[in-house]
Amino acid sequence: MKRLGPDLKMPEPKVPDFLADIFYDLHDRRLLAPIALVVVAIAAVPFLLSGGADEAAPAVGAATAPAEAETAKAATLTVVEAKPGLREYRKRLAGRRPTDPFMQRFTGSVSKEGGQGSEEPASATTSSTSSSETSNGAETETTGSTESGPTTTTESAGASPNAKPEDALVFYAFAGSVQITRTTANADGTTERVGPVLHKGILPPAVLPGPKAEVVTYMGIGPRTHRPLFMVSNEVTEVSGEGKCISGSDPCQLIELKPGSPEIFVYGRAGVRYRIKVTKVEPVATGHS
């Protein structure tokens, strides 16, 4: 059958270029499925929320009964008249006496480790020990009980009149005794040895063996092991011995030495060897408050 009139051609639908680019980009990155799930979830959220609200409605209604009971209970509370006189600080503190914050009120003993001993009030009843001189010059101890009152100290014969009171705060530091031996290699193949030289009563921080050769610096004792700590100079090229390296490597920067165990330090370009051995570490009093 022959059609009447001209042939009409329908336009072919064409997807915009930017939509096609987005589609192929998402397809290449495998994001089409996650985006589809997100769209479905967004569409389902209103339906899920509307259903949850209907189910939760009875629970809200059931909770109104306890709330009404609490309101009825609160309505039966009794109102008490405030009495400002109870908050008057002068009446509240009338039985107490003011104290001087700068007056020493505690005494204590100092332990061997340098720490402050237990404190006890000076006005408490304590058992004191006094010294009395016998006819031949020896001292004997007598123990007795004292009444409540400030604790006093009886000085023995020959004591200095400028002695510090027992309640003064004493400051302590850990002094070390170190033996140092210096060995130098000469150009002709011989070695020159100096020492050992004993350095006694070294207080931290102290440079060893001296300002001209700052091989190590004594820093005191470790908080846990109570062994002496030494900071190693940057000019030390080698460290050997039984010491424990606390920080750094090749060579060590902070080393812990065991008393009685020597440690060898190679110092400077000339390769001078220093043999350092800690002989003793003990607390010493450095001052009073």
Side-chain angles (χ1 to χ4, degrees), residues 108-118 160 162-289:
S109 59
V110 180
S111 61
K112 295 182 179 180
E113 290 77 9
Q116 186 69 20
S118 59
S160 174
N162 297 326
K164 296 292 182 180
E166 291 185 358
D167 57 354
L169 181 62
V170 183
F171 299 97
Y172 283 84
F174 287 88
S177 297
V178 180
Q179 283 186 354
I180 301 179
T181 304
R182 180 176 181 268
T183 305
T184 306
N186 299 324
D188 56 357
T190 61
T191 58
E192 180 182 356
R193 181 177 178 181
V194 179
V197 178
L198 179 62
H199 299 261
K200 299 177 63 177
I202 302 173
L203 296 177
V207 178
L208 297 174
K212 294 183 179 180
E214 299 180 358
V215 181
V216 294
T217 302
Y218 174 55
M219 303 300 295
I221 63 172
R224 296 184 178 179
T225 60
H226 302 289
R227 292 181 179 179
L229 295 174
F230 293 86
M231 182 178 295
V232 184
S233 172
N234 293 332
E235 299 185 17
V236 173
T237 58
E238 184 180 349
V239 179
S240 59
E242 299 181 1
K244 180 181 179 181
C245 184
I246 304 300
S247 176
S249 59
D250 298 332
C252 183
Q253 296 178 356
L254 183 64
I255 190 170
E256 180 183 81
L257 301 184
K258 180 181 179 181
S261 299
E263 194 79 9
I264 305 298
F265 298 88
V266 180
Y267 177 76
R269 297 181 178 179
V272 182
R273 299 171 64 88
Y274 289 89
R275 184 178 182 270
I276 298 178
K277 181 175 72 172
V278 179
T279 59
K280 182 172 60 175
V281 177
E282 59 182 353
V284 294
T286 58
H288 302 268
S289 61

Please report the shortest heavy-atom distance between [X] and [Y], naming the atom on each side.
X: Gly268; Y: Thr237; result: O-CG2, 4.5 Å
X: Ala213; Y: Tyr274; result: CB-OH, 3.5 Å
X: Tyr172; Y: Ala285; result: CD2-N, 3.7 Å
X: Val272; Y: Thr183; result: CG1-O, 3.6 Å
X: Val266; Y: Gly271; result: CG1-CA, 3.7 Å

[atom2] on [Y] to [atom1] on [X], rounded to 0.5 Å:
X: Phe171; Y: His288; atom1: CZ; atom2: NE2; value: 10.0 Å
X: Met231; Y: Cys252; atom1: CE; atom2: SG; value: 10.5 Å
X: Thr190; Y: Asp188; atom1: OG1; atom2: CG; value: 3.5 Å
X: Glu263; Y: Lys277; atom1: CD; atom2: NZ; value: 13.0 Å
X: Ile255; Y: Ile276; atom1: CD1; atom2: CD1; value: 9.5 Å
X: Ile221; Y: Arg227; atom1: CD1; atom2: CZ; value: 12.0 Å

Is a donor on one side and an acceptor on the other found under 3.5 Å between the side chain of Ser247 and the backbone of Leu254? no
Donor-acceptor pair, distance only, cut-off 3.5 Å: does the side chain of Ser233 make one with the backbone of Glu214? yes
If you count every heavy atom of other residues, nucleotides or ligands that lies below 6.0 Å from Asn234 atom CG, does the total exceed 12? no
Across all chains, not counting sequence neighbours, the side-chain hydrogen bond (donor to acceptor under 3.5 Å, both in side chains) partners of Glu235 are Tyr267
Keeping to residues at least two apart or across chains, list the ring pair (Phe, Tyr, Trp, His ring centres under 6.0 Å) pairs with something in residues 193-240. Tyr218-Phe230
Begin from the C-alpha positions of Val232 and Gln253 and carry the test side chain to side chain contact (heavy atoms under 4.5 Å, CB included) through to its verdict. CA-CA 5 Å; Val232 184; Gln253 296 178 356; 5.5 Å; no
Heavy-atom check, side chain of Met219 versus side chain of Pro204, under 4.5 Å: no
Do Glu192 and Asn186 make a side-chain contact, defined as non-hydrogen atoms from C-beta onward lying under 4.5 Å apart? yes
For side chain to side chain contact (heavy atoms under 4.5 Å, CB included), just list the numbers for Leu203 and Val284, CA-CA rounded to whole Å, side-chain angles, deciding distance to a tenth of an Å, and then say yes or no. CA-CA 9 Å; Leu203 296 177; Val284 294; 3.7 Å; yes
